[in-house]
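Just below is one structure, and these are the notes that go with it.
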Amino acid sequence: MSDDAMRWSGQRADRVDEGTLPGLARLTGFVRSVRTPEFQGVTFHEVLAKSALNHVPADARMLPGEYTINPYRGCTHACQYCFARPTHTRLGLNVAGDFDNEVVVKTNIVEVLRNELARKRKLPPRVAFGTNTDVYQRAEGRYELMPGIIDALAGHRIPFSILTKGPLIRRDLPLLARAARSTTVHLGVSLSMLDEELQQSVEFGTATTTARLATVRAIRDAGLECTVFLSPILPHLSDSPAQLQELVAAVASAGATDVLYHPLYLSSGVKDVFFAWLRRAYPALVPEYAKLYSAGSETAYRHVIGDRIRPLIAAHGFPEPDRTIEDKFALNGRRGQPVAEEPAQATLF
Ligand code: SF4
C-alpha cells in the first residue's frame, strides 16, 4: 500500500482496529473496535450482548426502575462529575479519558431484548434509561438502537423512563409519543446551568443549554410531559440565587412539567477527575471545594441549596419541590406485569 493509501485508510470511516484494547478483546462477545472520522478520538468497541435487561439491586437504585437497559458503556458527553465513570474500570479502562472516548456498544441489544421479553413469564415492571450512561449520546446517531428498544418495550406495554442530555431524543419523539399511548413513558432532560462557557467546560461533549431547552420544548410539543433535572448544581459556579432564579424561569418557560434538583455529588471514584478539571478551569475554587467535599460537609450545602431553590420551584407552579427523585420520577399507572421474581441476568454483555 502506498503512503497516501495508508494515510487514507487510517482516516476512512469504520476503520477496524484489531486488539487495541486487549482487556476488552478477552471479554465474551467482543467483535471489533471501530474508529470513524465523525467521532475524532473516539473508539467504539462493538460487542454481542448476552442479555439486555439488567436487574438493579435495591441498594444501588439511584433512580427508580428495577431494571435498566444500557446499550452503551462509557459516554462521549464527558461530564467531569459523572457518577458512572467507575463502571469503566470493570472493563480494564480508566475513569477519565477512557470513559469519554472508549465506548462499548451492544450492537445486538434489540434482538436480545426482543428474545428476552418473548421468553419472560413475568415482564419487568419498568425500565429506566440514563441511570448509567446517556442513551442519546452521539453514538446513538450512528447505531440507532433506541428505536428498536422503544418499540420492543411498547409492544409489551412496559413502562419506561429516559433521562438524557442529548437532543438526539428528538429523532424518536414520534415513536415515544406512540409508545405513550400504550404504556407510561417518562422523559427527563438534565440541565443545571445557563452559563454556556461553564457548561461547555465541565460537560464538554454535551449539547448546549440552548439546545437542551429546545429539546424540552420539542418534547412538550410532541404531547409528552418532561421533567427537568437541575443537576448537578455546582457550588460557587452555578448556585447563586440569581443564577438559580434564571435557571428555573428558563426551564419553566421551555414548558417543563416538573423539576428536580440536586447539588453536585462526588463519589470517591469520581473526585479525582472532577478536581483535575477544577484545577485547570477554576483553580481559585479548589480550597473551597476541598472543604465542601471533605467528610460530612455536603449535607449542610444541600440544605443551603434547598432553601434557595424550593421557593423558586414553588413560585413557578411546579409540583412539590421536596419530593425525592425516586418519588417524583416514579412510574405510576404501571401496565407491565408484576416484578419478575427471578431477576434478569445482571451481566455486562
Ligand atoms: S451525560 Fe450522563 S452518563 Fe453521560 S457523561 Fe454526562 S452524566 Fe455521565
Side-chain angles (χ1 to χ4, degrees), residues 60-63 70 72-89 93-103 128-138 163-166 188-209 212 228-240 243-244 247 251 259-302 304-306 308-309 325 329:
R61 278 178 212 149
M62 298 190 72
L63 285 171
N70 300 308
Y72 306 102
R73 300 190 72 88
C75 186
T76 54
H77 283 165
C79 306
Q80 297 302 292
Y81 50 77
C82 177
F83 67 82
R85 288 182 175 278
T87 59
H88 241 40
T89 58
L93 297 169
N94 72 45
V95 296
D98 285 355
F99 180 84
D100 308 336
N101 297 317
E102 308 287 342
V103 178
F129 295 93
T131 58
N132 203 344
T133 56
D134 197 324
V135 291
Y136 285 106
Q137 59 177 290
R138 287 177 56 226
L163 173 60
T164 185
K165 291 185 174 100
V189 171
S190 176
L191 157 62
S192 64
M193 58 198 87
L194 293 181
D195 176 345
E196 300 225 341
E197 200 180 316
L198 169 63
Q199 182 262 317
Q200 285 297 301
S201 174
V202 72
E203 306 167 336
F204 57 81
T206 60
T208 61
T209 301
R212 279 186 258 171
V228 171
F229 285 66
L230 310 175
S231 170
I233 292 165
L234 301 178
H236 307 293
L237 287 170
S238 64
D239 68 345
S240 75
Q243 284 171 316
L244 295 176
L247 178 65
V251 162
V259 294
L260 299 167
Y261 68 92
H262 211 285
L264 175 69
Y265 167 76
L266 292 176
S267 68
S268 55
V270 178
K271 252 185 196 167
D272 287 350
V273 177
F274 185 85
F275 270 83
W277 166 79
L278 194 66
R279 273 193 293 277
R280 286 193 305 274
Y282 298 93
L285 288 178
V286 171
E288 199 56 46
Y289 269 71
K291 226 184 319 162
L292 257 178
Y293 288 91
S294 61
S297 316
E298 292 157 80
T299 315
Y301 179 69
R302 268 206 303 277
V304 171
I305 290 305
R308 271 182 211 169
I309 207 165
I325 283 180
F329 213 51

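Asn132 and Tyr72 share no side-chain donor-acceptor pair at under 3.5 Å. A donor-acceptor pair shorter than 3.5 Å can be found between the side chains of Thr206 and Arg212.
Looking at Gln200 and Thr208, their side chains come closer than 4.5 Å, going by heavy atoms from C-beta outward. Using a 4.5 Å heavy-atom threshold, the side chains of Val95 and Val270 count as separate. Annotation: side chain of Phe83 is not in contact with side chain of Leu266 (no heavy-atom distance under 4.5 Å). No side-chain heavy atom of Glu203 sits under 4.5 Å from any side-chain heavy atom of Gln80. Within the 4.5 Å cutoff, side-chain heavy atoms of Leu234 are placed close to those of Tyr289. At least one side-chain heavy atom of Tyr261 sits less than 4.5 Å from a side-chain heavy atom of Ile233. Contact check for Thr89 versus Asn94: no side-chain heavy atoms found under the 4.5 Å cut-off. Contact of the Val304 side chain with the Arg308 side chain is registered, since non-hydrogen atoms from C-beta on lie closer than 4.5 Å.
For the salt bridge (charged side-chain N to carboxylate O under 4.0 Å, His left out) test, residues two or more places apart in sequence or in another chain that qualify with Asp100 are Arg85. Remark: Phe99 pairs with His88 by the ring pair (Phe, Tyr, Trp, His ring centres under 6.0 Å) rule, at least two apart or across chains.
When atom types are taken as modelled, the side chain of Tyr293 and the backbone of Ser267 share no donor-acceptor pair closer than 3.5 angstrom.
For residues 260-278, there are no salt bridge (charged side-chain N to carboxylate O under 4.0 Å, His left out) pairs, not counting sequence neighbours.
Note: Tyr81 and Trp277 fail the aromatic proximity criterion, with ring centroids not under 6.0 Å apart.
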